[in-house]
Visitor: 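Dumping the structure here so I can ask a few things about it.
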Amino acid sequence: MSCPRLPRAKQGGFVLLEIMIAVAIFALGVAGLGNAMVSCLEAQRLKQDAERARLALQNRMFEIQANPAMPDDYKRKRLTGGNSDLTMIEKRTALQLRNDEGAVMGGLNEVSLTVEWESSGTSASRTLSFYLLRGN
């Protein structure tokens, strides 16, 4: 017993339909890859922004540590050059810690550096805190 064959005109319609379905599936795949590529590029840009902020914080910390003068209690300034979209906030707090004998240990400060910036319409920030010992 053999299978009934469709007329040639009907077979051509099935081939056209199969090709249209294959093209639609391919187009959906390409659109999905496009969205994935946009997401990867955005993630890379966010990573670069965070790295620039980290380097700005690190550089400022080294400047403060190398300078023998005491940093200001509070300072907010816009950075210049390639980091002109970053704002640096510096806060210094004198710590009143006591040693084992109860004497106040002078000259110990906590410095907190924060970098703020706008990224894709939202605010982002990174903070670095460290201790600084300066003579009374």
Visitor: What is the distance from atom CG of Leu57 to atom CZ of Phe62, rounded to the nearest 0.5 Å?
Guide: 11.5 Å
Visitor: Looking at CZ of Arg126 and CG of Leu113, how far apart are the two atoms once the value is rounded to the nearest 0.5 Å?
Guide: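 Result: 14.5 Å between the selected atoms.
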Visitor: Would Ile89 and Val115 show up in the same hydrophobic cluster when neighbours are defined by side-chain heavy atoms closer than 4.5 Å?
Guide: no
Visitor: Run the side-chain donor-acceptor check on residues 64-73: report pairs under 3.5 Å with partners two or more places apart or on a different chain.
Guide:
residue : atom : partner : partner atom : Å
Asn67   : OD1  : Ala69   : N            : 3.1
Asp73   : OD1  : Arg92   : NH2          : 2.4

Visitor: With sequence neighbours left out, write down each residue that passes salt bridge (Lys or Arg N to Asp or Glu O under 4.0 Å) with Glu63, or none if nothing qualifies.
Guide: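 Scan of Glu63 (salt bridge (Lys or Arg N to Asp or Glu O under 4.0 Å), adjacent residues dropped) gives Arg60.
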Visitor: I need the Leu79 CG to Glu116 CD distance, nearest 0.5 Å.
Guide: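 The distance works out to 11.0 Å.
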Visitor: Decide whether Phe26 and Met20 are clustered together by the hydrophobic rule: side chain heavy atoms of Ile, Leu, Val, Met, Phe, Trp, Tyr closer than 4.5 Å, transitively.
Guide: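 Each belongs to a different hydrophobic cluster.
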Visitor: For Thr127 and Ser112, which heavy atoms make the closest approach, and how far apart are they?
Guide: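 Heavy atoms of Thr127 and Ser112 come nearest at CG2-OG, 3.7 Å.
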Visitor: In this structure, would Leu41 and Leu33 fall into the same cluster of hydrophobic residues linked by side-chain contacts under 4.5 Å?
Guide: no
Visitor: Please check if any side-chain donor atom of Arg54 sits under 3.5 Å from a side-chain acceptor atom of Gln58, or the reverse.
Guide: yes
Visitor: Which distance, rounded to the nearest 0.5 Å, do you find between the NZ of Lys77 and the CG of Leu86?
Guide: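 It is 12.0 Å, given to the nearest 0.5 Å.
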Visitor: Testing the basics here: between Ser123 and Glu118, what is the closest heavy-atom pair and its distance to 0.1 Å?
Guide: OG-OE2, 3.0 Å
Visitor: Would Val30 end up clustered with Met37 when hydrophobic side chains under 4.5 Å apart are linked, directly or stepwise?
Guide: no
Visitor: Is it true that Arg52 and Asn83 share a donor-acceptor pair across their side chains at a distance under 3.5 Å?
Guide: yes
Visitor: As an exercise, state the distance from NZ of Lys91 to OG of Ser129, rounded to the nearest 0.5 Å.
Guide: 9.5 Å
Visitor: Of all heavy-atom pairs between Trp117 and Asp85, which one has the smallest distance, and what is that distance?
Guide: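 Heavy atoms of Trp117 and Asp85 come nearest at CB-O, 3.6 Å.
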Visitor: For a side chain to side chain contact (heavy atoms under 4.5 Å, CB included) check, start with the C-alpha distance between Thr87 and Arg76, then their side-chain angles and the critical distance, and finish with the verdict.
Guide: CA-CA 7 Å; Thr87 301; Arg76 180 184 187 99; 3.9 Å; yes
Visitor: Report the C-alpha separation of Gln48 and Gln44 in whole Å, then their side-chain angles, then the decisive distance to 0.1 Å, and conclude whether the side chain to side chain contact (heavy atoms under 4.5 Å, CB included) test is met.
Guide: CA-CA 6 Å; Gln48 287 174 343; Gln44 181 65 27; 3.6 Å; yes
Visitor: Holding to side chain to side chain donor-acceptor pair (under 3.5 Å), I want the full list of residues that pass it with Arg98, two or more places apart in sequence or in another chain.
Guide: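 Partners of Arg98 by the side chain to side chain donor-acceptor pair (under 3.5 Å) criterion come out as none, since no residue qualifies.
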Visitor: Using every non-hydrogen atom in the two residues, find where Ser119 and Asp49 come nearest and quote the distance to one decimal.
Guide: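 So the minimum-distance heavy-atom pair works out to OG-OD2, 3.6 Å.
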Visitor: Within this structure, what is the CG-CG distance for the pair Leu132 and Leu95, rounded to the nearest 0.5 Å?
Guide: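 Between Leu132 CG and Leu95 CG, I get 10.0 Å after rounding to 0.5 Å.
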